[in-house]
Amino acid sequence: MEGARFARVTLNRPDLRFPFAENFASRIQGAHLTRLSRRAKFLRADLSSGETLYMHLGMSGRFIIEGGSTKENGGLANFAHEHAANPKHHHVVFEMEHPDTGRAVITYNDPRRFGFMELIGESEPYRLDHIGPEPLGNAFNGPVLRAALKGKKSKIKAALLDQRVVAGLGNIYVCEALYRTGISPRRAAGRLKVAETDGLAGHIKDVLSEAIEAGGSSLRDFSNTDGKLGYFQHSFDVYGREGEPCKSCDAPIKRIVQSGRSSFFCGGCQR
DNA sequence: CCTTCTACCTGTCAGC
DNA sequence: TGCTGACAGGTAGAAG
């Protein structure tokens with residue numbers, strides 16, 4: 001999409017998780033996408049109009065890409081989708097025009113509509129302004145995590161889901177990282193030892209890296225842009241494994257509810 | 001400010 | 001077989 005022009009933007013409904021901004025389509029139409037990047041779980045598209053388009057996939061959002069073929073990408077125009085998207089959930093259509101790769105149609109499909117798109121002006125504040133460091137970057141490590149958790153009375157499970165502590169961690173990967181570090185999700189966040197915050201930071205990086213390498217985690221109807229399913233879900237040690245024996249100590253994996261979310265953990269290994 | 005709780009939505013699946 | 005209800009997730013905003 002970088003370098004391409006939004007030839008046409010079509011909205012098939014007035015809202016996703018939130019209502020679309022006023023004149024959403026016409027404000028994007030005609031602009032060029034100058035840079036596409038990511039922060040936390042948000043996709044960020046800088047537009048030549050000066051505005052920034054933020055896109056979040058929520059739970060079940062996906063982009064379907066048609067066209068945009070080049071010799072370099074082997075003419076990847078249309079994929080054999082492993083998991084076809086139901087057209088009734090095609091909510092936004094971007095018709096793109098690129099000087100090198102030609103026309104492409106990017107369709108946003110989202111059955112549960114937990115995703116959203118927002119248009120933000122150049123110097124307008126945005127909700128990402130105060131979130132924590134990217135977990136895979138150099139700005140995130142044991143000491144940084146320790147400082148962010150200092151004095152926190154909330155449980156470590158809730159703290160790691162708090163995007164101000166570290167960006168982009170969700171329920172699954174928090175469960176897995178805590179298991180690998182041997183820390184109970186019920187521990188007070190501010191009371192972890194230095195070795196524990198160091199270990200936790202490292203395991204967070206490991207879990208995320210491995211999950212990305214595996215193409216992500218697919219639960220039920222989830223898939224990525226080329227319709228392929230990720231397969232990291234087969235590597236979960238604790239998530240979704242209530243009652244199964246811990247692979248390390250054989251104790252049954254437990255499930256409790258914290259902040260309205262399931263926490264899976266081993267009562268034997270995680271203290 | 002900090003922390004906790006609930007709403008939002010629909011496909012899937014367990015249980016009747 | 002067909003139906004009902006619980007459940008899953010990320011984020012915002014209300015409530016405490």
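Within every chain, numbering begins at 1; the chains are lettered A, B, ... in the order of the sequence lines, protein sequences first and strands thereafter.
The distance from atom CG of D110(A) to atom C1' of dT10(B) is 10 Å, rounded to the nearest whole Å. Remark: C1' of dG10(C) and CG of L128(A) are 13 Å apart, rounded to the nearest angstrom. As rounded to whole Å, 11 Å separates atom C1' of dA12(C) from atom CZ of F114(A). What separates NZ of K157(A) from C1' of dG10(C) is a distance of 12 Å, to the nearest Å. As rounded to whole Å, 11 Å separates atom C1' of dC9(B) from atom CE of M59(A). For the pair R17(A) CZ and dA12(C) P, the computed distance is 8 Å after rounding to whole Å. As a whole-Å value, the separation of I172(A) CD1 from dA8(C) P is 11 Å. To the nearest angstrom, P of dT10(B) lies 8 Å from NE2 of H91(A).
Taking the six-membered ring for Trp and thresholds of 30 and 60 degrees, F236(A) and Y239(A) have ring planes more than 60 degrees apart, a perpendicular arrangement.
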Under 3.5 Å, which protein N or O atoms sit close to an N or O of nucleotides 3-6 of chain B? Give each pair with its distance.
{"from": "dT3(B)", "atom 1": "OP1", "to": "K153(A)", "atom 2": "N", "distance (Å)": "2.9"}
{"from": "dT3(B)", "atom 1": "OP2", "to": "K152(A)", "atom 2": "NZ", "distance (Å)": "2.9"}

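The one candidate from K254(A), E244(A), R255(A) that meets the side-chain contact (heavy atoms from CB on, under 4.5 Å) condition with F264(A) is R255(A).
Using a 4.5 Å heavy-atom cutoff, the side chains of L169(A) and L208(A) are in contact. C266(A) is listed as a side-chain neighbour of Y179(A), based on a closest heavy-atom distance under 4.5 Å. Inter-residue side-chain proximity for L145(A) and L192(A) is flagged as unmet; no heavy-atom pair is nearer than 4.5 Å. At least one side-chain heavy atom of N171(A) sits less than 4.5 Å from a side-chain heavy atom of K157(A).
If you chain together ILVMFWY residues whose side-chain heavy atoms come under 4.5 Å of each other, F42(A) ends up grouped with F18(A), Y54(A), F116(A), I120(A), Y126(A), L128(A), I131(A).
Rotation axes derived from the C1' atoms of the five outermost pairs at either end of the helix from dC2(B)-dG16(C) to dC16(B)-dG2(C) lie 50° apart, to the nearest 10°.
Taking side-chain N and O atoms only, Q163(A) has no distance below 4.0 Å to OP1 or OP2 of dG10(C). Contact between the side-chain N/O atoms of R113(A) and the OP1/OP2 oxygens of dC8(B) is not found at any separation under 4.0 Å. Taking only side-chain nitrogens and oxygens, S262(A) comes nearer than 4.0 Å to OP1 or OP2 of dA8(C). Side-chain N/O atoms of H89(A) include none lying less than 4.0 angstrom from OP1 or OP2 on dC9(B).
Residues K205(A) and G137(A) share a closest heavy-atom pair of NZ-O, 2.9 Å.
Atoms CD and CZ, from E118(A) and R44(A) in turn, are 13.0 Å apart once rounded to the nearest 0.5 Å.
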